[in-house]
Protein chains: 2
Amino acid sequence: MPAGSLSELEGVALGIVQKRKRCTAYAVRRELKQSPSTHWRASAGAIYPLLERLERGGLLASTKDSVDGRGRRHLQVTVDGKKALRTWIFEGLDPGVVASVFDPIRSRAFFMDVLSRRQRQKFVEDSIGALERYLETTRAHLAEGERDSVEYLANLGAVYEAEARVKWMKKILESA
Amino acid sequence: MPAGSLSELEGVALGIVQKRKRCTAYAVRRELKQSPSTHWRASAGAIYPLLERLERGGLLASTKDSVDGRGRRHLQVTVDGKKALRTWIFEGLDPGVVASVFDPIRSRAFFMDVLSRRQRQKFVEDSIGALERYLETTRAHLAEGERDSVEYLANLGAVYEAEARVKWMKKILESA
DNA sequence: CGATGCATGTAAGCTGTTACATGATTGC
DNA sequence: GCAATCATGTAACAGCTTACATGCATCG
């Protein structure tokens with residue numbers, strides 16, 4: 001919404017267009033799909049109406065000559081869009097938003113005591129394995145970006161978090 | 001769903017009832033509300049139908065004498081429910097689930113370059129402040145649980161993650 | 001020229017939220 | 001006795017997903 005504040009996915013989508021200067025809806029979908037986080041499936045049913053909404057709200061614009069033979073419409077972030085993006089970024093510092101990190105492994109760890117000793121051990125060990133594989137892919141993503149680019153710095157956060165999760169699970173393994 | 005697999009919220013709700021042995025829907029809501037993660041608002045419109053669904057599916061049961069004068073129905077996890085809970089826990093090791101961590105600060109950090117030098121500095125510094133306040137509340141939660149309880153160990157994960165996020169943001173501050 | 005992939009979009013469904021309604025209990 | 005809170009529920013809505021439909025382009 002232009003009047004209200006941007007949703008998470010709206011902010012991210014707007015940011016992706018901004019980063020690419022000019023791109024199609026499909027490119028936004030692809031980038032979301034390829035991102036290491038699987039939080040969003042980048043479904044067509046979400047992306048296309050969302051970008052339309054942003055365009056109607058004046059945060060995105062597509063010039064006439066932006067439609068090529070295949071019917072692809074190239075989008076650009078407007079001045080208002082940039083402003084909205086900045087506002088959205090600062091909104092993230094809201095306590096409610098900061099605390100809304102979500103870790104499915106941790107959600108499950110809370111209920112480990114329904115597992116037998118052996119199952120619990122297996123759960124923790126397998127978690128470490130899964131996390132280490134995940135860590136590898138996030139590190140690979142990190143290597144792609146050039147150092148000191150915002151992309152590198154942002155991905156660094158994913159690596160730090162994944163490392164912390166591994167360290168945490170190893171601590172649990174010790175105490176068992 | 002009893003036949004299929006549990007959703008995230010279903011797993012968590014079932015786990016909360018299991019942990020308490022026997023509790024009302026309201027107690028589940030309250031625990032979700034008071035949890036340090038604000039990922040779920042624990043809205044009545046979600047919890048009550050969800051618990052009904054689990055009961056119809058045979059994962060939860062409420063005995064007749066469980067209804068007290070105030071109409072509170074006390075729920076218990078059935079044998080099938082315990083089995084479903086264990087399955088759900090192990091399902092979390094699925095790569096798609098492991099990778100679905102979601103950090104709103106990191107989402108925003110990807111697009112920091114739309115900010116001016118000063119704005120960016122402010123964003124990072126304010127983020128550190130917000131994260132440190134969040135870290136304080138997660139540490140407080142940690143102190144409540146007795147050491148070596150699963151609750152303590154699970155909350156430890158939240159602390160590790162929050163520490164990693166602070167460390168990450170301070171790293172960004174250095175490189176600016 | 002036919003298969004595969006690019007690209008856009010829509011319809012139906014699920015899940016969760018907000019906001020409201022209702023009544024019973026507790027505390028002052 | 002009245003306010004606040006406990007406790008359960010419902011209706012309307014918002015957002016995202018799956019699954020489908022469509023057409024163009026590219027490559028063998």
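Here the structure is a predicted model, which means the values were calculated and not measured. Chain naming here is simple, since letters A, B, ... match the order of the sequence lines and numbering starts at 1 in each.
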> Applying the side chain to side chain contact (heavy atoms under 4.5 Å, CB included) criterion to A:S62, which one of A:E55, A:H74, A:Q76 satisfies it?
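With A:S62 as partner, side chain to side chain contact (heavy atoms under 4.5 Å, CB included) holds for just one option, A:E55.
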> Atom NZ of A:K33 to atom P of D:dT18: distance rounded to whole Å?
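Taking atom P of D:dT18 as the reference, NZ of A:K33 is at 11 Å.
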> Tell me whether the OP1 or OP2 atom of D:dC16 has a side-chain N or O from A:R41 closer than 4.0 Å.
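Looking at the OP1 and OP2 atoms of D:dC16, neither is under 4.0 Å from any side-chain N or O of A:R41.
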> Whole-Å distance between D:dG15 C1' and B:W40 CH2?
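Taking atom C1' of D:dG15 as the reference, CH2 of B:W40 is at 16 Å.
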> Suppose we screen for side chain to side chain contact (heavy atoms under 4.5 Å, CB included). Which residues come up paired with B:S43, at least two apart in sequence or across chains?
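Here the qualifying residues are B:A46.
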> Please say whether the positively charged group of A:K19, taken as NZ for Lys or CZ for Arg, lies over the ring of B:F111, i.e. under 6.0 angstrom from the six-membered ring centre and within 45 degrees of the axis.
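Pair A:K19/B:F111 does not count as cation-pi.
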> Could you state the atom-to-atom distance from CZ of A:R73 to C1' of C:dA7 in whole Å?
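Going from CZ in A:R73 over to C1' in C:dA7 covers 12 Å.
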> Whether A:R108 and B:E8 form a salt bridge (side-chain N of Lys/Arg under 4.0 Å from carboxylate O of Asp/Glu) is what I want to check.
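Looking at A:R108 together with B:E8, the answer is yes, because their closest N to O distance falls below 4.0 Å.
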> Figure out the CZ/C1' separation between A:F102 and C:dG16, and round it to whole Å.
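My rounded result for the distance is 13 Å.
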> For residues 135-147 of chain A, pull every pair meeting salt bridge (Lys or Arg N to Asp or Glu O under 4.0 Å), keeping only residues two or more places apart or in separate chains.
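Only A:R139-A:E163 qualify under salt bridge (Lys or Arg N to Asp or Glu O under 4.0 Å).
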> Among residues 45-52 of chain B, which residues get a heavy atom nearer than 4.0 Å to DNA chain D?
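Listed by number, they are B:G45, B:Y48.
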> Where does DNA chain C pair, written as one dot-bracket string 5' to 3', with Watson-Crick or G-U pairs under 3.5 Å, ( ) inside the strand, [ ] for crossing pairs and | for another strand?
||||||||||||||||||||||||||||
> How is A:A25 classified with respect to the nucleic acid when contacts are heavy atoms under 4.0 Å: base, sugar-phosphate, or nothing?
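Sugar-phosphate only.
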> Check the distance between C:dG16's P and B:L6's CG and give it to me in whole angstrom.
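Interatomic distance, CG of B:L6 to P of C:dG16: 12 Å.
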> In whole angstroms, how far is the P atom of D:dA7 from the CZ atom of B:R29?
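Whole-Å distance recorded here is 11 Å.
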> What is the distance, rounded to the nearest whole Å, between atom CG of B:L32 and atom P of D:dT8?
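Atom CG in B:L32 sits about 14 Å away from atom P in D:dT8.
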> If you measure from the Lys or Arg side-chain nitrogens to the Asp or Glu carboxylate oxygens, is any gap between B:E132 and B:K170 under 4.0 Å?
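Looking at B:E132 and B:K170, the cut-off is met.
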> For A:A27, which residues count as a side chain to side chain contact (heavy atoms under 4.5 Å, CB included) partner, sequence neighbours excluded?
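A:A27 satisfies side chain to side chain contact (heavy atoms under 4.5 Å, CB included) with A:R20, A:C23, A:T24, A:R30 once adjacent residues are dropped.
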> How many whole angstroms separate atom CG of A:L9 from atom P of D:dC16?
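Spelled out: CG on A:L9 to P on D:dC16 is 5 Å.
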> So, using side chain to side chain contact (heavy atoms under 4.5 Å, CB included) as the criterion, who are the partners of A:D113 when residues are at least two apart?
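Residues passing side chain to side chain contact (heavy atoms under 4.5 Å, CB included) with A:D113: B:V150.
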> With B:Q121 as reference, evaluate B:R117, B:R118, B:E125 under the side chain to side chain donor-acceptor pair (under 3.5 Å) test and give the passing residue.
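By the side chain to side chain donor-acceptor pair (under 3.5 Å) criterion, B:Q121 pairs with just one of B:R117, B:R118, B:E125: B:E125.
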